[in-house]
Amino acid sequence: MKRYSEIIASIIIWFTVISQFYLMIMNRQTEILETTVRFFSFFTILTNTLVALYFSTKAFKLKTFPFTIFNKAGALTAITTFILIVGLVYQIALRGIWQPTGFQYIVDELLHSIIPLLVLIYWYFYVSKLDLKFESVSKWILYPIFYLLFVLLRGHFSGFYPYPFLNISNIGYLNAFKNIGLIVLLCLSILILLVFLGKKLPRIQNVEHTYN
C-alpha cells in the first residue's frame, strides 16, 4: 500500500509540475529561456519538484546521487514543512490576487492545496522516529534561506520577483525583509510543530525508511 501511494503521488505531482510548465510556456511574455528561469524561480515549483523527487526516490528505490538526499533522516518532515508553507502562503497572501480558470485552475489547486494535503496525510501515516530528530530536520532550513537569497539577488539584476511580498522595487527593502523574516519564522515554527506532533503519533514507525 505504501509503495502504491508513493507511485501514484509521484505521477500526480510530476504531471502537475509539467502541466504548469506547459501552461507558462504557452502564455509566456518573454523568451523561452527567461520563462524557464522564471518558472524555477517560484518556491511553489521548486518545492513541488522536491516532493516529486522524494516520492520517485521512495517508489522506485533510487539510491544514487542526487536521490540519496531523500533517503536521509529528516527529509520527509522537511519537505512536508515546505509544501505546507506553499499551501499556507498561497491561501493567506496570494489566493485573493489570482483567479485562474479552466485547466490552470485545476493545476493551481493541485500545486497549492491538494498536493500539500496529500503530503501531510502521507507524513502522518509513514513518518518515522528518525524523521523527527530536530537536528536532522533543521539542516533543511538552508533550502528556503538560499532560495530567498537567490530570488533577491536575481531580482536586483533582472527586475523580476516571483512574489509581490518579495518585490523590493514595489514594497522597498524594509518590507521585503520583514516578509522574509516572517517566512523563515513560519518555516521554523512548522518544523518544530511537526517534530513535536510526530512524536505524539500513536503508531509511529521505528525505522520505516532506509537512511544513508
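Note that Lys2 lies in the cation-pi zone of Tyr126, set by a 6.0 Å cut-off to the ring centre and a 45° limit from the axis. Cation-pi geometry between Arg154 and Phe160 is not satisfied (NZ or CZ under 6.0 Å from the ring centre, within 45° of the ring normal).
Phe157 and Phe40 fall into different hydrophobic clusters, where Ile, Leu, Val, Met, Phe, Trp and Tyr side chains are chained together by heavy-atom contacts under 4.5 Å. Residues Phe15 and Leu117 share a single hydrophobic cluster, defined by chaining ILVMFWY side chains whose heavy atoms lie under 4.5 Å apart. Both Val17 and Met26 belong to a common hydrophobic cluster when Ile, Leu, Val, Met, Phe, Trp and Tyr are linked at side-chain heavy-atom distances under 4.5 angstrom. Grouping the Ile, Leu, Val, Met, Phe, Trp and Tyr side chains by contacts below 4.5 angstrom, directly or via other members, places Ile12 with Ile106. Tracing side-chain contacts under 4.5 Å through hydrophobic residues (I, L, V, M, F, W, Y), one reaches Ile192 starting from Leu132; they form part of the same cluster.
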*Stepwise, does the side chain to side chain contact (heavy atoms under 4.5 Å, CB included) test hold for Phe177 with Ile180?*
CA-CA 5 Å; Phe177 281 104; Ile180 288 171; 4.1 Å; yes
*Can you check side chain to side chain contact (heavy atoms under 4.5 Å, CB included) on Ile168 and His156, steps first, answer last?*
CA-CA 8 Å; Ile168 291 175; His156 175 75; over 6 Å; no
*Steps toward side chain to side chain donor-acceptor pair (under 3.5 Å) verdict (Ser56, Trp14)*: CA-CA 9 Å; Ser56 296; Trp14 281 122; 2.8 Å; yes
*Passes side chain to side chain contact (heavy atoms under 4.5 Å, CB included), Asn71 versus Lys58? Steps please.*
CA-CA 8 Å; Asn71 288 320; Lys58 296 302 178 181; 3.0 Å; yes
*Show the numbers, then the answer: is there a salt bridge (Lys or Arg N to Asp or Glu O under 4.0 Å) between Glu109 and Arg95?*
CA-CA 10 Å; Glu109 289 301 315; Arg95 183 176 285 279; 3.0 Å; yes
*Could you go step by step and tell me if Asp131 and Trp123 meet the side chain to side chain donor-acceptor pair (under 3.5 Å) rule?*
CA-CA 10 Å; Asp131 266 311; Trp123 175 88; over 6 Å; no
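With values rounded to the nearest 0.5 angstrom, Glu31 atom CD is found 10.5 Å from Arg38 atom CZ. Going from atom OG1 of Thr47 over to atom CD1 of Ile13 covers 11.5 Å, rounded to the nearest 0.5 Å. Within the model, atoms NZ of Lys178 and CG of Leu182 stand 9.5 Å from one another, a figure rounded to the nearest 0.5 Å. Atom OG1 of residue Thr16 and atom CD1 of residue Ile45 lie 9.5 Å apart, to the nearest 0.5 angstrom. Residue Thr81 holds its OG1 atom at 9.5 Å from CG of Leu186, rounded to the nearest 0.5 Å. Rounding to the nearest 0.5 Å gives a distance of 9.5 Å between CG of Asp108 and CG of Leu94.
Contact record, Ile141 with Cys187: CD1-CB, 3.6 Å, taken as the closest heavy-atom pair. Pro116 and Leu110 make their closest contact through CD-O, 4.0 Å (heavy atoms, listed as atom of the first residue, atom of the second, distance). Minimum interatomic distance between Ser10 and Ala52 (heavy atoms only, all atoms of both residues): CB-O, 4.3 Å. For the pair Tyr161 and Leu166, the tightest heavy-atom approach, listed with the atom from each and the gap, is CD2-O, 3.2 Å. The nearest pair of heavy atoms linking Glu6 to Phe55 is O-CB, 3.8 Å. Nearest heavy-atom pair across Pro164 and Ile97 is CG-CD1, 3.8 Å.
Using a 4.5 Å heavy-atom threshold, the side chains of Ile190 and Leu88 count as touching. Two residues are said to be in side-chain contact when any heavy atoms from C-beta on lie closer than 4.5 Å; Phe67 and Lys61 fail this criterion. The closest side-chain heavy-atom distance from Lys129 to Lys199 is not below 4.5 Å. Residues Met24 and Thr36 fail the side-chain proximity criterion, which asks for heavy atoms closer than 4.5 Å. Using a 4.5 Å cut-off on side-chain heavy atoms (C-beta onward), Tyr122 and Val127 make no contact. Counting only heavy atoms from C-beta outward, the side chains of Leu62 and Phe70 never approach each other to under 4.5 Å. Taking 4.5 Å as the limit, every side-chain heavy atom of Leu152 sits out of range of all side-chain heavy atoms of Tyr173. Counting heavy atoms from C-beta outward, Leu149 and Leu153 have side chains that stay 4.5 Å or more apart.
With Asn175 contributing its side chain and Ile171 its backbone, the two residues share a donor-acceptor pair below 3.5 Å. A donor-acceptor pair under 3.5 Å links the side-chain atoms of Arg28 to the main chain of Ile25, judged by distance alone. Distance alone, capped at 3.5 Å, places no donor-acceptor pair between the Thr68 side chain and the Thr64 backbone.
Less than 6.0 angstrom separates the ring centroid of Phe42 from the ring centroid of Tyr163. Remark: aromatic rings of Phe43 and Tyr143 are close, center separation under 6.0 Å.
Heavy-atom contacts from other residues, nucleotides or ligands closer than 6.0 Å to CZ of Phe196 number 12 or fewer. Applying the 6.0 Å contact sphere to CZ of Phe103 captures more than 12 heavy atoms from other residues, nucleotides or ligands.
In summary, of the residues considered (Val119, Ile79, Leu53, Ile83), a side-chain contact (heavy atoms from CB on, under 4.5 Å) with Asn48 occurs for Ile83 alone.
Using cut-offs of 30° and 60° on the angle between ring planes, the pair Trp140 and Phe82 is tilted.
One side chain, Ser113 or Gln91, offers a donor N or O that lies under 3.5 Å from an acceptor on the other.
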